[in-house]
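Inspection log for the structure reproduced underneath, given as structure tokens.
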Amino acid sequence: RPAEVYDVELRDDELVVHAPVTRILSRGDTLNKPVISVSFTAPRPDVIAVKIEHFAGYRESLPRFELDPAPVSPTITRDDQAHTVEFTSGRLTARVALQGPWQVDYLWDGEVLTSSTERSIGYAQVEGEGPYVHEQLSLDVGEHIYGLGERFGAFVKNGQSVDIWNADGGTNSEQAYKNVPFYLSSRGYGVLVDDAGPVSFEVGSENVSATQFSVPGERLRYEVYGGGTPLEVIERYTARSGRPPSLPEWSYGLWLSTSFTTDYDEATVN
């Protein structure tokens, strides 16, 4: 886990934070110690994309989500008195603590929506499976989480473990046909895990005060969508993910399925 911020780097419109897994108190602490790099970009107004990397030289996995870019130039402000650096896209800000334990707060108009705290980010090697990266974003008291695509359980996802992987499991299992790694919070923000592979969510289950998500591999990429009403958050998300056209009228017509009958003669159809 990242212990603290060691340094920050500005690359054009990107903020990169390097965080070793132990505090650097002497030269010896720089030997054989992993470093987690966390980068922040602004793919659209009021949206912040976050990339957590252990090894940067990975092969890009496919397929990838086709997300519509409309990048903006962020405002990056370093406050040496408060020991913070702020990355702002529109009204959404990521505030990184430069001293003390790892802490990133996501703020909407100055109000904290959610945070990545001291034990939020993790990198693990699982025997027989390989590397995983996970992130936890804090949940407030009474905060509810919705979304994650088509699900057959309770509408409020708090307390649930959800694996994002399409499967034909019927309507009485945890498997779903149309998984989407995006969730919406009652506090007025959204989170998309930008990974088309398997994504595992622990929504206030493994840790009742956080939503955790993990992916296999050396990096985890997610996006935070700015606050407001649920409609405003969804509008920002669909502007990025794409919106479907209106369905043709004929699609609302007769629907026959082998779930009900296998005898499709003319009389049955009529």
Side-chain angles (χ1 to χ4, degrees), residues 1-9 15-26 28-40 48-56 76-88 92-108 110-126 131-143 145 158-159 161 183 185 187 189 191 193 199-224 227:
R1 304 176 187 276
E4 63 178 3
V5 173
Y6 183 72
D7 62 17
V8 297
E9 182 181 355
L15 171 66
V16 183
V17 177
H18 302 293
V21 300
T22 58
R23 297 185 63 194
I24 305 300
L25 302 177
S26 68
D29 294 328
T30 65
L31 300 175
N32 302 318
K33 295 293 192 300
V35 174
I36 304 297
S37 297
V38 183
S39 62
F40 302 86
I48 293 178
V50 184
K51 182 168 61 176
I52 303 167
E53 288 182 303
H54 176 235
F55 285 135
I76 303 176
T77 306
R78 180 165 181 158
D79 188 337
D80 289 329
Q81 289 187 335
H83 305 295
T84 61
V85 60
E86 294 188 348
F87 181 95
T88 300
L92 181 66
T93 296
R95 184 177 62 200
V96 183
L98 299 179
Q99 286 190 359
W102 174 261
Q103 178 85 21
V104 179
D105 298 318
Y106 295 97
L107 303 94
W108 180 253
E111 180 181 353
V112 175
L113 296 173
T114 187
S115 302
S116 173
T117 59
E118 183 176 2
R119 296 182 59 81
S120 289
I121 294 176
Y123 173 82
Q125 287 278 351
V126 180
Y132 282 82
V133 181
H134 76 68
E135 167 74 294
Q136 291 183 349
L137 295 180
S138 62
L139 290 173
D140 201 2
V141 175
E143 181 177 353
I145 298 298
N158 296 59
S161 298
Y183 68 82
S185 166
R187 283 184 57 80
Y189 67 91
V191 174
V193 179
V199 184
S200 179
F201 284 89
E202 298 282 348
V203 186
S205 51
E206 191 274 336
N207 178 357
V208 296
S209 60
T211 296
Q212 175 174 296
F213 39 90
S214 61
V215 299
E218 297 287 343
R219 66 102 179 92
L220 168 63
R221 186 169 44 227
Y222 69 94
E223 298 183 353
V224 179

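All residue numbers in this chain count up from 1 along the given sequence. Computed over heavy atoms, backbone and side chain alike; hydrogens, waters and symmetry mates excluded.
The pair Asp29-Arg23 does not count as a salt bridge, with every side-chain nitrogen at least 4.0 angstrom from each carboxylate oxygen.
Checked by atom type, the side-chain pair Asp79/Thr84 shows no donor-acceptor distance below 3.5 Å. Tyr132 and Gln125 share no side-chain donor-acceptor pair at under 3.5 Å.
Heavy atoms only, all atoms of each residue included: Ala97 and Val5 are closest at O-CG2, 3.3 Å. His134 approaches Leu220 most closely through the heavy-atom pair C-CD2, 3.9 Å. Residues Ile24 and Glu4 share a closest heavy-atom pair of N-OE2, 3.6 Å. Ser116 approaches Ile121 most closely through the heavy-atom pair OG-CG1, 3.9 Å.
For the atom pair Gln212 CD and Asn207 CG, the distance stands at 8.0 Å (nearest 0.5 Å). A distance of 11.0 Å separates OG of Ser39 from CZ of Arg219, quoted to the nearest 0.5 Å. Atom CD1 in Ile145 sits 4.5 Å away from atom OG1 in Thr211 (nearest 0.5 Å). Of the inter-residue distances, the one linking Thr117 atom OG1 with Glu135 atom CD reads 8.5 Å to the nearest 0.5 angstrom. Here the CG atom belonging to Asn32 is positioned 11.0 Å from the OG1 atom belonging to Thr22, to the nearest 0.5 angstrom.
In this structure the side chain of Val16 never reaches within 4.5 angstrom of the side chain of Val8, judged on heavy atoms. Using a 4.5 Å heavy-atom threshold, the side chains of Leu139 and Asn158 count as touching.
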Margin query: Does Phe201 form a side-chain contact (heavy atoms from CB on, under 4.5 Å) with Val193? I'd like the steps, not just the answer.
Written below: CA-CA 10 Å; Phe201 284 89; Val193 179; 3.6 Å; yes

message: Apply side-chain contact (heavy atoms from CB on, under 4.5 Å) to residues Tyr123 and Ile36 and explain how you reach the verdict.
response: CA-CA 9 Å; Tyr123 173 82; Ile36 304 297; 4.2 Å; yes

task: Please step through side-chain contact (heavy atoms from CB on, under 4.5 Å) for the pair Trp102 and Val17, ending with a clear verdict.
output: CA-CA 11 Å; Trp102 174 261; Val17 177; 3.9 Å; yes

- For Tyr6 and Val35, what are the C-alpha separation, side-chain angles and deciding distance, and is it a side-chain contact (heavy atoms from CB on, under 4.5 Å)? CA-CA 9 Å; Tyr6 183 72; Val35 174; over 6 Å; no

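Partners of Tyr222 by ring pair (Phe, Tyr, Trp, His ring centres under 6.0 Å), not counting sequence neighbours, listed by chain and number: Phe213. By the side-chain hydrogen bond (donor to acceptor under 3.5 Å, both in side chains) test, Ser161 pairs with Glu202, sequence neighbours left out. Scored by the side chain to side chain contact (heavy atoms under 4.5 Å, CB included) test, Asp7 finds His18 as partners (sequence neighbours excluded).
Listed for the Arg1 side chain is a donor-acceptor partner under 3.5 Å among the backbone atoms of Arg119. Side chain of Thr93 to backbone of Arg95: no donor-acceptor contact under 3.5 angstrom is found. With Arg187 contributing its side chain and Leu113 its backbone, the two residues share a donor-acceptor pair below 3.5 Å. The backbone N or O of Ser138 lies less than 3.5 Å from a partner atom in the side chain of Thr114, making a donor-acceptor pair. Not one N or O on the side chain of Ser115 forms a donor-acceptor pair closer than 3.5 Å with the backbone of Asp105.
Taking the six-membered ring where the residue is Trp, Tyr189 and Tyr183 present perpendicular rings, their angle passing 60° and hence far from 30°.
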